[in-house]
Amino acid sequence: MNDWTSGYAADVGYTYGSYSELNPLREKLAMLTAGYDIAPCRTACELGFGQGVSVNIHATSQPDTAYWATDFNSSQAGFAQLMAGASGAKAGLYDQSFEELCRRDDLPGSDPIGLHGIWSWISDENRTVIVDFIRRKLNVGGVLYISYNTLPGWAPMAPMRHLLTEHAAIMGAPDRAS
Ligand SMILES: C[S@@+](CC[C@H](N)C(=O)[O-])C[C@H]1O[C@@H](n2cnc3c(N)ncnc32)[C@H](O)[C@@H]1O
């Protein structure tokens with residue numbers, strides 16, 4: 001296991017999806033539907049942006065919002081920065097771990113903070129780091145968007161997961177560490 005990833009598998013690059021759930025305008029709509037008006041979004045933060053497709057789309061289409069976001073996978077962060085350079089997105093995209101980002105004192109508070117596909121995959125220590133980060137960085141009246149996996153949603157994939165686990169156990173190369 002690599003220490004710098006806290007157990008997260010980082011040797012395979014992530015997919016290139018975009019997720020409209022992270023769009024601050026969609027979050028505002030959800031809040032309005034629930035009966036809450038919220039302040040205009042001036043700063044937005046995304047933790048663990050993957051290849052950075054969502055953050056780039058949202059930053060480019062909402063130029064009045066300053067984005068800052070991180071993903072500790074340098075290759076993915078490099079791709080995200082390349083996209084931002086091409087689109088002119090106003091976004092600070094870093095390759096820092098949640099812990100490193102959390103320690104910075106030069107970053108502003110954020111109106112929405114978004115995490116998509118993060119919570120279910122990280123260690124308890126990293127969850128604690130993120131909770132502390134949200135306590136300090138989410139502006140009063142800001143929205144936190146956090147997704148997580150549940151068994152009812154993922155049950156159809158369980159047989160495939162079982163098959164792949166069995167394949168790795170039987171056919172995979174022995175772990176060099178053991
Ligand atoms: C399952 S992917 C989700 C990516 C993206 N949010 C999406 O939904 O497409 C999780 C991402 O979190 C990043 N990550 C995991 N642990 C991290 C940590 N401690 N600090 C920073 N990024 C981390 C990974 O590199 C990966 O890109």
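Nothing fancy with the numbering, it's 1 onward along the sequence. Just follow the structure's listing: the first ligand is 1, and inside any ligand the first atom is 1.
- Contact between Ile118 and Gly48 at its shortest, heavy atoms only, is CD1-O, 3.5 Å.
- Of all atoms in ligand 1, listed by their number and element, those nearer than 4.0 Å to a heavy atom of Asn73 are 25 (O).
- Salt-bridge annotation for Arg135 and Asp132: absent, with no side-chain N of the basic residue lying under 4.0 Å from a carboxylate O of the acidic one.
- His116 and Tyr145 form a side-chain donor-acceptor contact under 3.5 Å, judged by distance and modelled atom types alone.
- Taking each of Tyr19, Phe72, Trp119, Tyr8 in turn, the one with a heavy atom nearest to atom 26 (C) of ligand 1 proves to be Tyr8.
- The residue from Gly48, Gly117, Ser147 that puts a heavy atom closest to atom 1 (C) of ligand 1 is Gly117.
- Scanning both residues, Ser18 and Ser54, for their nearest heavy atoms gives CA-OG, 3.3 Å.
- Atom numbering of ligand 1 starts at 1 in the shown order; those under 4.0 Å from a heavy atom of Gln96 are 21 (C).
- When ring centroids are compared, Tyr94 and Phe72 stay outside the 6.0 Å threshold.
- Distance check, rounded to the nearest 0.5 Å: CD1 of Ile134 to CD1 of Ile113 gives 5.5 Å.
- Taking a cut-off of under 4.0 Å to the non-hydrogen atoms of Gly50, the atoms of ligand 1 that pass are 4 (C), 5 (C), 27 (O).
- If you look at Ile118 next to ligand 1, the close heavy atoms, those under 4.0 Å, all belong to the side chain.
- Atoms of ligand 1 lying under 4.0 Å from any heavy atom of Ser97, numbered from 1 in the order shown and given with element: 20 (N), 21 (C).
- Residue Phe98 touches ligand 1 through backbone and side chain together, judged by heavy-atom distances below 4.0 Å.
- Residue Tyr14 has no N or O atom closer than 3.5 Å to an N or O atom of ligand 1.
- Scanning the protein heavy atoms around atom 27 (O) of ligand 1, the nearest turns out to be Asp71 OD2, 2.6 Å.
- At a threshold of 4.5 Å between non-hydrogen side-chain atoms, the residues Leu47 and Leu101 count as touching.
- Between Asp37 and Lys28 a salt bridge is recorded (basic side-chain N to carboxylate O distance below 4.0 Å).
- For atom 6 (N) of ligand 1, the choice among Gln76, His116, Glu99, Glu100 with the nearest heavy atom turns out to be His116.
- When each atom of ligand 1 is checked for a heavy atom of Asn126 under 4.0 Å away, the hits are 19 (N).
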